[in-house]
**Student:** 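Sharing a structure below in structure tokens format, with a few things to ask.
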Amino acid sequence: MAGLVEWETVEGWLSDKIAEVNYAFDNGIQALSISPFDSSITVIDTAATAVEGVALVLVSMFFVIQLCNDAMLMKIQSYEQVFKLFFKFIMAKVIVQNARGLMGIIFNGFTSLSSSLGEMNYGFLSGFDTDAILAQPEEAGFLNINYLIEYLQVTPTFLILMGACWVINLILIGRLFEIIVYTVIAPIPLATFAGEGWHDSAKAFVKSYAAVCLQGLVVIVMFYAFSQIADLLGGTSQIGITVTALSLALGVSKSGQWARQAVGA
């Protein structure tokens, strides 16, 4: 008498679930690999001219304010001091006009490290096969009911894994938006290098930008360590994988904070 479901069918269902989780995971990896300097992201080019114009106005204002302030306080007593002010203005102007390139250096530096680690990464559940996650029962039971029960028992685990993957995707896509916004507005905070007493604002921005870029490396390291941590917490058991997946999602949510602490932002 034919059963409700054959074990080969259960393995097929389980394999599909693993593929779905890995697909959701791969989406997160793709979000990490997208560059804000990609030519298809036209918003940066569109906004760059306007933002750069505003930043240059700020640089000019800082220069005029400092020049007037030094003149009123009788600090300008030689041509050397005037030259220093002009040199400072020129350097600030160069930094503003090359803000995108400077941000690109920071971004590409961290991205190259993330990419090299990402190439060694073999997926969220790629290291686990169906037999390791769900062992075939010794007895099939009436109408193979035990096969169906085993599959139903593992289904909540995959729902949790999918939820963790989508949380990870949301966080990483949010990180991508953050990098794009930082890249677009970069000339304005960098313009504060020209202002007396405003240097800390520019330094804080650079640290924050570096922290967002470093976050990608932190996430890649956690992804790469997933299977090893799962082995330590129960191997391929449902509990071990579920706890590790939830911990990974929590770690990704905290990765931005960890990255900021690492660079002192």
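All residue numbers in this chain count up from 1 along the given sequence.
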**Student:** Quick check: do I179 and M103 have side-chain heavy atoms less than 4.5 Å from each other?
**Tutor:**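 Sidechains of M103 and I179: no contact.
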**Student:** Measure the shortest side-chain to side-chain distance between L217 and L214 over non-hydrogen atoms and say whether it is less than 4.5 angstrom.
**Tutor:** yes
**Student:** Looking only at heavy atoms, which two atoms of C213 and I106 are closest? And how far apart?
**Tutor:** SG-CG2, 4.4 Å
**Student:** Measuring centre to centre across the rings, with the benzene-like ring taken for any Trp, is Y182 within less than 6.0 Å of F205?
**Tutor:**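 When the ring centroids of Y182 and F205 are compared, they turn out to be within the sub-6.0 Å range.
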**Student:** Once you round to the nearest 0.5 Å, how far does CD of E52 lie from CD1 of I185?
**Tutor:**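 Result: 15.0 Å between the selected atoms.
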**Student:** Report the distance from atom CD of Q215 to atom CZ of R260, rounding to the nearest 0.5 Å.
**Tutor:**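 Answer rounded to 0.5 Å: 8.0 Å.
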**Student:** Which donor-acceptor pairs under 3.5 Å do side chains of residues 164-172 form with protein atoms, sequence neighbours excluded?
**Tutor:**
unit_1, atom_1, unit_2, atom_2, d
N169, OD1, G28, N, 3.2
N169, ND2, A24, O, 2.8
N169, ND2, C165, O, 2.8

**Student:** Under 3.5 Å, side chain of T192 to main-chain N/O of A202, donor-acceptor pair present?
**Tutor:** yes
**Student:** Determine, using the 4.5 Å side-chain heavy-atom cutoff (strictly less than), whether V94 and V59 are members of one ILVMFWY cluster.
**Tutor:** yes
**Student:** In chain order, what residues pass the side chain to side chain contact (heavy atoms under 4.5 Å, CB included) check against A55, with sequence neighbours excluded?
**Tutor:**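 A55: side chain to side chain contact (heavy atoms under 4.5 Å, CB included) contacts with V96, P187, I188, A191.
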**Student:** Drop me the distance from L250's CG to S255's OG, to the nearest 0.5 angstrom.
**Tutor:** 10.0 Å
**Student:** Less than 4.5 Å apart, side chain to side chain, heavy atoms only: is that true for V212 and F107?
**Tutor:**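 Heavy-atom side-chain distance check fails, nothing below 4.5 Å.
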**Student:** For the CD1 atom of I105 and the CZ atom of R100, what is their distance to the nearest 0.5 Å?
**Tutor:** 13.5 Å
